[in-house]
There are 2 protein chains.
Amino acid sequence: MRRRAITSYDVARAAGVSQSAVSRAFSPGASIAERKRAQILAVAAELGYQPNAIARSMSTARSDQPQRSGMVGIIVRRLEDPVFAQTIALFSRILQRRGWHILLFTVDAEREVDEALGALMRFRIDGVIILSALLSRHMAETCHAEGTPVLLYNRSAPGLGISTVQIGNRDGGRSAAALLAAAGHARIAFLGGGDGDATSASREAGLAEGLAEAGLEVFAREEGDYTFTSGREACLRLFARGERPDAVFCASDVMALGLLHAARHELGLAVPGDLSVVGFDDIPAAGWPGHRLTTLRQPVERMIREAVEILIERMETAGLGPRDEHFPAALILRDTVRTVLRR
Amino acid sequence: MRRRAITSYDVARAAGVSQSAVSRAFSPGASIAERKRAQILAVAAELGYQPNAIARSMSTARSDQPQRSGMVGIIVRRLEDPVFAQTIALFSRILQRRGWHILLFTVDAEREVDEALGALMRFRIDGVIILSALLSRHMAETCHAEGTPVLLYNRSAPGLGISTVQIGNRDGGRSAAALLAAAGHARIAFLGGGDGDATSASREAGLAEGLAEAGLEVFAREEGDYTFTSGREACLRLFARGERPDAVFCASDVMALGLLHAARHELGLAVPGDLSVVGFDDIPAAGWPGHRLTTLRQPVERMIREAVEILIERMETAGLGPRDEHFPAALILRDTVRTVLRR
DNA sequence: CGAATCTCTGCATGCGCATGCAATATAGCA
DNA sequence: TGCTATATTGCATGCGCATGCAGAGATTCG
């Protein structure tokens with residue numbers, strides 16, 4: 001049976017002090033004698049009292065400051081994707097350590113975007129981290145208009161004045177291009193993450209630029225949706241054509257692994273013998289002994305640390321302008337790109 | 001600049017009605033004329049009003065009922081593990097669809113357990129889902145004592161009267177044993193998830209039982225920590241011994257894949273030629289063409305659906321007793337266990 | 001030893017909303 | 001039309017806490 005929770009009044013009565021004293025005992029820096037605070041805390045502990053965060057949030061909504069809930073909303077899509085899982089895990093740890101709590105929203109369909117948005121507003125969250133591409137612009141715009149700090153992680157929304165932390169997609173694509181061109185590849189394909197996806201588009205643009213500098217162009221392209229299966233299927237399509245690619249740059253490691261597995265185990269191709277593969281992200285599975293996928297690494301930890309910093313800054317002091325941080329993707333050379341140049 | 005949020009009073013003034021009317025317009029089933037409700041909702045939409053969930057939560061804390069926040073706490077460890085990532089993703093979707101919101105806690109160290117616990121209590125969450133083994137007992141006990149419904153997912157805490165949803169670990173172990181024994185293996189090792197881990201212990205117990213029935217016993221055992229790396233290292237240790245195992249049952253797919261990669265790509269062993277491997281969980285990577293890991297599948301979707309059902313039931317009606325649901329693990333036959341019997 | 005500080009303390013109040021209650025408007029009916 | 005039953009409405013209040021304010025002790029210092 002759910003009991004009525006213990007309130008500061010209960011503690012006050014038990015300790016023979018006023019409710020204000022109890023409140024102050026739990027507010028760092030409040031004006032209260034150390035002795036008394038200790039006594040109150042002892043009584044509170046005995047009764048199992050925990051300040052009611054909801055009520056606290058209510059009362060902080062005083063005349064001038066806006067209400068603060070101590071919660072940060074995180075919006076994500078496909079949390080089961082290893083990249084997002086790792087990202088959320090890190091965000092969660094760092095935010096928690098800094099005393100913030102996380103309201104999590106998984107958004108798959110457009111309809112859910114509005115629901116999540118509504119919930120965020122209703123809960124008066126203090127800030128939002130958006131990882132989902134899906135309508136992130138609309139959502140970012142709305143929150144931002146409400147005055148809630150927003151941080152876009154690996155997304156951008158130019159012109160909105162919203163802070164972002166991003167990996168260098170274009171430069172990553174260029175690195176991949178340079179590597180593959182140097183290895184003597186001439187038929188380099190691109191495997192993207194979907195037509196409307198800006199991340200994928202930037203990576204492809206970088207690839208195209210880099211190839212152009214080497215006098216090459218993108219040999220073929222396929223679209224996936226960032227899943228293993230889509231990488232696998234794209235591989236089968238790529239090799240069902242007349243002229244086959246001799247290298248593929250994939251917009252993500254997960255798709256690259258799908259392509260790698262299909263190539264090796266379904267088509268019987270040698271990688272990197274018959275085909276070179278480059279991924280993006282450097283997820284843990286990329287480094288597994290049987291994969292050793294050459295890829296572009298995101299400095300995830302540093303990026304997230306920075307993202308949290310930026311968001312907290314803006315939650316704590318109003319009126320700060322947006323900050324945009326870009327991080328370079330590091331080329332991780334493993335074993336899915338041939339090193340011998342052969343023509 | 002963070003603006004002061006729009007309140008029901010603002011809407012009331014703009015619409016020329018009382019604050020109560022606004023409140024009722026947003027409460028399904030409240031006594032208000034349909035016409036008026038529509039008008040108020042229109043004005044509210046125009047002003048961008050969203051009922052304040054925090055204030056709402058405050059006022060629902062009336063004399064008899066306890067306060068309700070509309071939030072469910074989820075406690076998890078190692079969110080980056082694919083099993084947990086998928087689990088959280090599903091929980092999140094289903095809970096959201098049912099109108100609940102998720103307060104997420106990642107707990108790695110013992111110290112953080114208490115922090116999370118405190119936060120849960122402070123936020124007056126309506127229910128908790130615990131996925132972390134770490135001190136789950138202490139936590140479950142505390143919440144339960146407070147009267148907050150608790151659901152343990154793939155954990156147990158016998159004697160506490162707490163609801164659980166679990167996979168059949170022991171029977172899963174028995175299935176693995178039966179399969180391996182039938183394949184003619186005689187030196188079957190177990191790779192566990194850590195000494196204190198109950199899940200791992202049950203799976204091992206099932207294995208031992210099943211082997212005993214075939215007149216065998218566990219040939220060797222190693223401990224990992226559910227990570228790929230630990231599986232890989234355990235493999236190296238297993239094969240550094242004098243007499244080598246000819247099959248390994250692993251407490252998780254992630255470790256099984258670590259072992260598989262190490263065996264094939266570092267030790268040059270053939271799987272299943274030289275060594276059979278059985279995992280547990282059936283994570284997506286288990287089915288990848290290059291792995292084709294034989295494993296025990298958890299009916300994750302059904303389990304989570306059931307778990308949510310159980311929790312919601314208990315959040316909505318007080319005084320319900322605990323419910324325990326067990327689901328059978330299904331043996332998924334792929335290609336890492338030899339089929340030809342050879343002695 | 002008294003006045004001036006300074007440190008604590010309790011009182012009273014409001015945060016935004018839901019809701020019991022009484023008042024009012026509307027409908028139903030003879 | 002007049003009167004009762006019913007549907008709406010507004011008023012007033014409390015949820016639990018933080019905090020401005022004024023008073024009460026405690027401390028300092030001349």
Side-chain angles (χ1 to χ4, degrees), chain A residues 2-41 44 47-70 121-124 126, chain B residues 2-41 44 47-70 121-124 126:
Chain A
R2 181 105 185 231
R3 286 201 297 273
R4 171 152 217 75
I6 294 157
T7 73
S8 57
Y9 283 95
D10 300 326
V11 178
R13 199 175 319 118
V17 298
S18 71
Q19 179 268 328
S20 335
V22 177
S23 170
R24 286 196 253 264
F26 280 90
S27 309
S31 165
I32 185 173
E34 227 17 84
R35 246 182 86 86
K36 191 169 222 174
R37 162 172 279 152
Q39 184 225 338
I40 292 176
L41 290 181
L47 295 182
Y49 168 73
Q50 287 276 13
N52 184 327
I54 295 178
R56 175 172 285 191
S57 178
M58 275 303 291
S59 66
T60 52
R62 306 298 295 205
S63 35
D64 44 348
Q65 289 106 19
Q67 188 170 30
R68 296 183 51 155
S69 62
M121 301 283 84
R122 284 196 299 279
F123 277 94
R124 301 296 192 262
D126 298 331
Chain B
R2 181 102 186 232
R3 286 202 296 273
R4 172 152 214 74
I6 295 157
T7 74
S8 56
Y9 283 96
D10 300 326
V11 177
R13 199 175 320 117
V17 299
S18 73
Q19 179 268 329
S20 336
V22 177
S23 170
R24 286 195 252 264
F26 280 89
S27 309
S31 165
I32 185 173
E34 223 23 79
R35 243 183 90 87
K36 191 170 222 175
R37 163 172 278 152
Q39 183 224 339
I40 292 176
L41 290 180
L47 295 182
Y49 168 73
Q50 288 275 14
N52 185 327
I54 295 178
R56 174 173 287 191
S57 178
M58 275 304 290
S59 66
T60 53
R62 306 298 296 207
S63 35
D64 44 348
Q65 290 107 20
Q67 188 170 31
R68 296 182 51 154
S69 62
M121 301 282 82
R122 284 197 299 279
F123 277 94
R124 300 295 191 265
D126 299 331

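Below, read A as the first sequence line, B as the second, and so on, with proteins coming before strands; counting in each chain starts at 1.
In this structure, A:R68 places its CZ atom 16 Å from C1' of C:dC15, rounding to the nearest Å. Straight-line distance from the CZ atom of B:F26 to the P atom of C:dC17: 9 Å, rounded to whole Å. We find that CG of A:N52 is positioned 7 Å from P of D:dG16, with the value rounded to whole Å. Atom pair B:Q67:CD and D:dG14:P shows a separation of 17 Å (rounding to whole Å applied). With rounding to whole Å, A:Q50 atom CD is found 15 Å from D:dG16 atom P. Regarding A:I6, its CD1 atom lies at a distance of 12 Å from the P atom of D:dG16, rounded to whole Å. When the P atom of C:dG16 is taken as reference, atom CZ of A:R56 falls 18 Å away, rounded to whole Å. With rounding to whole Å, A:M121 atom CE is found 14 Å from C:dC17 atom P.
Contact record, A:L47 with A:D10: CD1-O, 4.1 Å, taken as the closest heavy-atom pair. When all heavy atoms are compared, the tightest approach of B:S8 to B:Y49 is N-CE1, 3.4 Å. For the residue pair A:R56 and A:F26, the shortest heavy atom distance occurs at NH2-O, 3.8 Å. Smallest separation of non-hydrogen atoms from B:I40 and B:A25: CG2-CB, 3.7 Å.
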Atom pairs, N/O to N/O, protein against nucleotides 5-10 of chain D, distance under 3.5 Å?
from	atom 1	to	atom 2	distance (Å)
D:dT9	OP1	B:K36	NZ	3.3
D:dT9	OP2	B:A33	N	3.0
D:dT9	O5'	B:K36	NZ	3.4
D:dT9	O3'	B:K36	NZ	3.3
D:dG10	OP2	B:S18	N	3.3
D:dG10	OP2	B:S18	OG	2.9
D:dG10	N7	B:R24	NH2	2.7
D:dG10	O6	B:R24	NH2	2.9

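Note on B:S23: a base of the nucleic acid sits closer than 4.0 angstrom, heavy atoms only. Residue B:Y9 is classed as a base contact, given a heavy-atom separation below 4.0 Å to a base.
An OP1 or OP2 oxygen of D:dC17 is reached within less than 4.0 angstrom by a side-chain nitrogen or oxygen of A:S8.
Checking side-chain atoms of B:D126 against main-chain N and O of B:S69 turns up a donor-acceptor pair under 3.5 Å.
Partners of B:A30 under the side chain to side chain contact (heavy atoms under 4.5 Å, CB included) rule, at least two apart in sequence or in another chain, are B:R24, B:S27, B:R37.
With D:dG14, D:dG16, D:dC17 as the choices, the nucleotide that has an atom nearest any side-chain atom of B:M58 turns out to be D:dG16.
In this structure, the side chains of A:R124 and B:Q50 come closer than 4.5 Å at one or more pairs of heavy atoms.
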